[in-house]
Amino acid sequence: MTLNWLYKVVITIWSVLSVVQYVAADEGGVATMREFETAWNQDRPNQVIRLDGDVLNDTTTALATRRQSVTIVGDGHELSLTPIGQTQQRKMLHSTATVTLSHDFWLTGPGDQPLVRADQIVTTADSNVSITPGQNGTMFEANDVLIQGQLALHGMGGDMFTANRIVLATGAFVEAFGQLNVHVFRTTSQQGEVLVAPEAVLAISVMNRTATNRICAPIASNFKRITIQGGHVDVNTIGPGIYWGAGDDAMWRITDQGTLRLTSTGQIPVLEKAADGTGRGGVQVMPDSNFYVSGQGPSLIALQKPTLLKFVRPATVQLTNRAGQPIF
């Protein structure tokens with residue numbers, strides 16, 4: 001056995017171990033926050049991180065901002081970013097590329113900041129993800145959000161999604177509940193849009209209480225377009241179902257046999273436009289689509305500025321004031 005031959009054997013073994021380590025980091029499983037931190041901070045392109053156990057927060061790890069896309073694959077476990085103590089560095093899943101959530105897991109985290117911030121956030125068709133932030137914590141902040149699977153959103157006082165474009169793809173199911181007094185969906189773009197595709201379901205049940213200086217509907221009307229294209233949206237709230245505030249001009253459009261059902265249990269109009277609202281925006285219900293409004297306020301609809309309400313036969317429109325008060 002020569003030294004040259006031994007040297008080649010050592011180099012070969014080192015190379016194999018390096019490849020194994022690379023694969024484990026990019027597509028291996030993690031079961032502790034330290035392992036998750038190591039995988040996340042490697043920031044490799046199209047990285048896959050699989051949760052092989054409950055990944056619970058600790059006081060020693062930190063998650064850097066990624067530049068590459070990453071997929072987190074669950075297996076019924078929890079990924080917790082919830083702080084431990086007051087001095088711990090707060091964590092979020094932050095990438096300037098795409099963050100994809102796949103399979104089933106529970107994502108929890110701190111208040112007063114988003115759980116996931118990225119250019120694009122995607123959930124796969126086989127996903128079943130539950131999300132619970134802390135008090136006043138938000139869930140997603142992104143330019144684009146694409147929901148293809150199932151999401152259960154439990155809010156505690158912070159906006160759930162803030163994005164320029166939110167799409168519920170065909171077959172997606174999103175359930176949003178909690179005590180908010182903020183928005184389930186909102187945008188910071190004057191051209192923002194929401195699309196609910198055929199067979200997609202958005203079910204909202206929130207305790208959006210209303211103060212004189214804070215009227216808030218679950219889906220903000222600062223989007224440019226909110227289109228229910230064959231999907232089903234069901235909103236239950238204490239406050240208004242649709243509210244156009246100052247500068248809001250969203251056009252809600254229900255088409256392709258889509259359904260929008262708004263129910264309010266508060267003594268307030270279900271559709272309302274403020275006196276300082278614009279003269280744009282409204283609701284269009286196209287043929288074979290459905291629009292149901294039920295409330296118990298002094299009027300069901302209160303529009304203090306011009307607003308388009310367009311119902312095209314044979315659309316189904318049902319307006320019910322359970323208090324026996326006027327519709328307008």
| How far does CG of N164 sit from CD of Q191, to the nearest 0.5 angstrom? | 10.0 Å

| message | Assess whether a salt bridge exists between D43 and R66, defined as any Lys/Arg side-chain N lying under 4.0 Å from an Asp/Glu carboxylate O. | response | yes

| query | Is the shortest heavy-atom distance from the side chain of S264 to the side chain of V270 under 4.5 Å? | reply | yes

| query | If you measure only the distance, is there a donor-acceptor pair under 3.5 Å linking the side chains of S294 and T320? | reply | no

| So among V73, I72, D75, which one has a side-chain contact (heavy atoms from CB on, under 4.5 Å) with L51? | I72

| remark: The side-chain contact (heavy atoms from CB on, under 4.5 Å) partner of V283 among L271, V293, I226 is L271

| In terms of side-chain heavy atoms, does N290 have a donor or acceptor partner in T259 at a distance below 3.5 Å? | yes

| field | Heavy-atom donor-acceptor pair, T123 side chain to Q148 backbone, under 3.5 Å | value | yes

| said: With salt bridge (charged side-chain N to carboxylate O under 4.0 Å, His left out) as the test, pick out the partner of D249 among K273, R225, R280, K305. | reply: R280

| message | Distance alone, cut at 3.5 Å: any donor-acceptor contact between the side chains of T278 and W244? | response | no

| task | Please check if atom CD in Q68 has more than 12 non-hydrogen atoms from other residues, nucleotides or ligands closer than 6.0 Å. | result | yes

| Could you state the interatomic distance from CD1 (I131) to OG1 (T138), rounded to the nearest 0.5 Å? | 10.5 Å

| Electrostatic pair R165-E193, nearest N-O below 4.0 angstrom | yes

| Side-chain donor or acceptor of K310 paired with backbone N/O of G282 under 3.5 Å | no

| request: Identify the heavy atoms of K91 and Q113 that sit nearest to each other, and give their distance. | output: O-NE2, 2.8 Å

| task | State whether a side-chain donor-acceptor pair under 3.5 Å links T187 with K224. | result | no

| message | Test side chain to side chain contact (heavy atoms under 4.5 Å, CB included) on L63 and E37; report intermediate values, then the result. | response | CA-CA 6 Å; L63 301 178; E37 175 200 42; 4.1 Å; yes

| message | Rounded to the nearest 0.5 Å, what separates atom CD in Q284 from atom CZ in R253? | response | 5.5 Å

| task | Can you establish whether the number of heavy atoms outside Q267 located under 6.0 Å from its atom CD is more than 12? | result | no

